Amino acid sequence: MRIAYIRVSSLDQNEGRQIELLKPYDIEKSFVEKVSAKNINRPKLQEMLEFVREGDIVYVVDFSRLARSTKDLLDITEYLDKKNVHLVSIKENFDTSNTTGKLLLTMIAAINEFERANILERQREGIALAKKAGKYKGSRPKSINNIGEHYKRYMSREVTKSKLAKELKISRPTLDKLFREYLASNDSLE
């Protein structure tokens, strides 16, 4: 079976480009995910890894869609290899069904990780310079007018934090921060 794993980093990004690039490969089943690749604990990735069977081929547009670190990429490919599932990357133009593909995979994964580290380093340097010049203040603080009502819904088990964060269009850590601030402000009122 020809299977695609498609990932974008956030909810507001569009996976259309990847879907278009995969069309010529007659994909039979796709796993689409809108989440960061900071680790391999991603629901659709895990679902895809469970789904694949011997002889299947997993297609990705490029390795960065599958994993951010060399270790994660190699762990995923090793897992697929143990299940006798091949991995094909379109951008890097190879598959793991041969030894050359396996060698290239290791080298490209290392280069991708190196590039990612350089980008993050430059970003940190740029932010530090902008802060020093007084031009960077960080992201704007988030606030939800009726956070107390949402907190009560969470506490009464009407909704999980994950579902509530999605509903409010904020991240889980931001929701946790808003809950802490809410609780702290209510403690000071008593």
Side-chain angles (χ1 to χ4, degrees), residues 1-120 122-123 139 159-175:
M1 186 173 216
R2 290 177 303 279
I3 298 160
Y5 177 73
I6 298 166
R7 185 192 63 79
V8 292
S9 297
S10 64
L11 292 173
D12 61 339
Q13 290 181 330
N14 187 322
E15 66 278 5
R17 178 186 72 85
Q18 291 178 61
I19 292 169
E20 200 59 38
L21 288 170
L22 288 161
K23 279 186 179 174
Y25 299 91
D26 297 323
I27 300 301
E28 298 168 84
K29 183 162 181 66
S30 295
F31 293 86
V32 180
E33 196 146 52
K34 292 190 174 198
V35 66
S36 171
K38 64 183 176 188
N39 60 45
I40 60 172
N41 298 324
R42 291 173 261 144
K44 290 295 181 181
L45 174 63
Q46 294 304 318
E47 190 180 325
M48 184 271 295
L49 292 173
E50 289 292 319
F51 179 83
V52 294
R53 300 289 179 261
E54 183 174 348
D56 288 349
I57 303 171
V58 174
Y59 291 85
V60 293
V61 169
D62 66 70
F63 291 131
S64 69
R65 302 300 90 208
L66 194 58
R68 283 279 184 215
S69 74
T70 304
K71 182 188 180 312
D72 286 349
L73 182 59
L74 295 176
D75 287 348
I76 292 167
T77 54
E78 183 179 335
Y79 179 83
L80 292 173
D81 191 48
K82 284 181 183 174
K83 290 182 91 171
N84 291 316
V85 173
H86 299 297
L87 174 65
V88 173
S89 174
I90 296 166
K91 180 180 176 186
E92 289 84 8
N93 193 27
F94 79 96
D95 68 65
T96 59
S97 64
N98 59 56
T99 54
T100 304
K102 290 177 183 178
L103 173 65
L104 286 173
L105 170 72
T106 305
M107 292 173 19
I108 290 169
I111 292 166
N112 281 348
E113 186 173 357
F114 176 74
E115 285 178 357
R116 177 85 176 133
N118 280 337
I119 289 168
L120 292 174
R122 287 191 301 269
Q123 183 181 31
S139 62
V159 66
T160 65
K161 279 187 180 178
S162 295
K163 287 183 181 175
L164 186 55
K166 280 184 183 176
E167 179 184 314
L168 297 172
K169 295 183 174 106
I170 58 174
S171 69
R172 272 285 311 274
T174 299
L175 180 63

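All figures in this text were calculated on a predicted structure; none of them were measured in a lab. Numbers here are sequence positions counted from 1.
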Exercise. Would you call I90 and Y25 a side-chain contact if the rule is heavy atoms closer than 4.5 Å?
Worked result: yes
For this session: Could you pull out all residues at least two apart from D56 that satisfy side chain to side chain contact (heavy atoms under 4.5 Å, CB included)?
Result: M1, I3, V52, R53, V85
For this session: Please name the pair of heavy atoms, one in D26 and one in R2, separated by the smallest distance, quoted to 0.1 Å.
Result: O-NE, 2.9 Å
Exercise. Would one find more than 12 heavy atoms of other residues, nucleotides or ligands at under 6.0 Å from atom NZ of K166?
Worked result: no
Problem set entry | Y79 six-ring face occupied by K83 cation (under 6.0 Å, within 45°) | no
Exercise. Less than 4.5 Å apart, any side-chain heavy atom of K161 and any of L164?
Worked result: no
Exercise. Are the charged groups of E20 and K23 less than 4.0 angstrom apart, N to O?
Worked result: yes
Problem set entry | Heavy-atom closest pair, residues R42 and S36 | CD-O, 3.4 Å
For this session: Would you check if the side chain of Q13 reaches a backbone N or O of V8 as a donor-acceptor pair within less than 3.5 Å?
Result: no
Seminar exercise, completed: Between the OG1 atom in T100 and the CZ atom in F94, the distance rounded to the nearest 0.5 Å is 10.0 Å
Problem set entry | Nearest heavy-atom neighbours spanning A67 and L73 | CB-N, 3.5 Å
Exercise. So do Q46 and I40 actually touch side chain to side chain, heavy atoms under 4.5 Å?
Worked result: yes
Exercise. Less than 4.5 Å apart, any side-chain heavy atom of V58 and any of F51?
Worked result: no
Exercise. When you look at L45 and Y5, which way does the side-chain contact (heavy atoms from CB on, under 4.5 Å) test go after all the steps?
Worked result: CA-CA 7 Å; L45 174 63; Y5 177 73; 3.8 Å; yes
Exercise. Below 4.5 Å, heavy atoms only, C-beta onward: do D62 and E92 meet side chain to side chain?
Worked result: yes
Seminar exercise, completed: Nearest heavy-atom contact between G101 and N98 is N-OD1, 2.5 Å
Seminar exercise, completed: For Q18 and R7, the nearest pair of non-hydrogen atoms, with its separation, is NE2-O, 2.8 Å
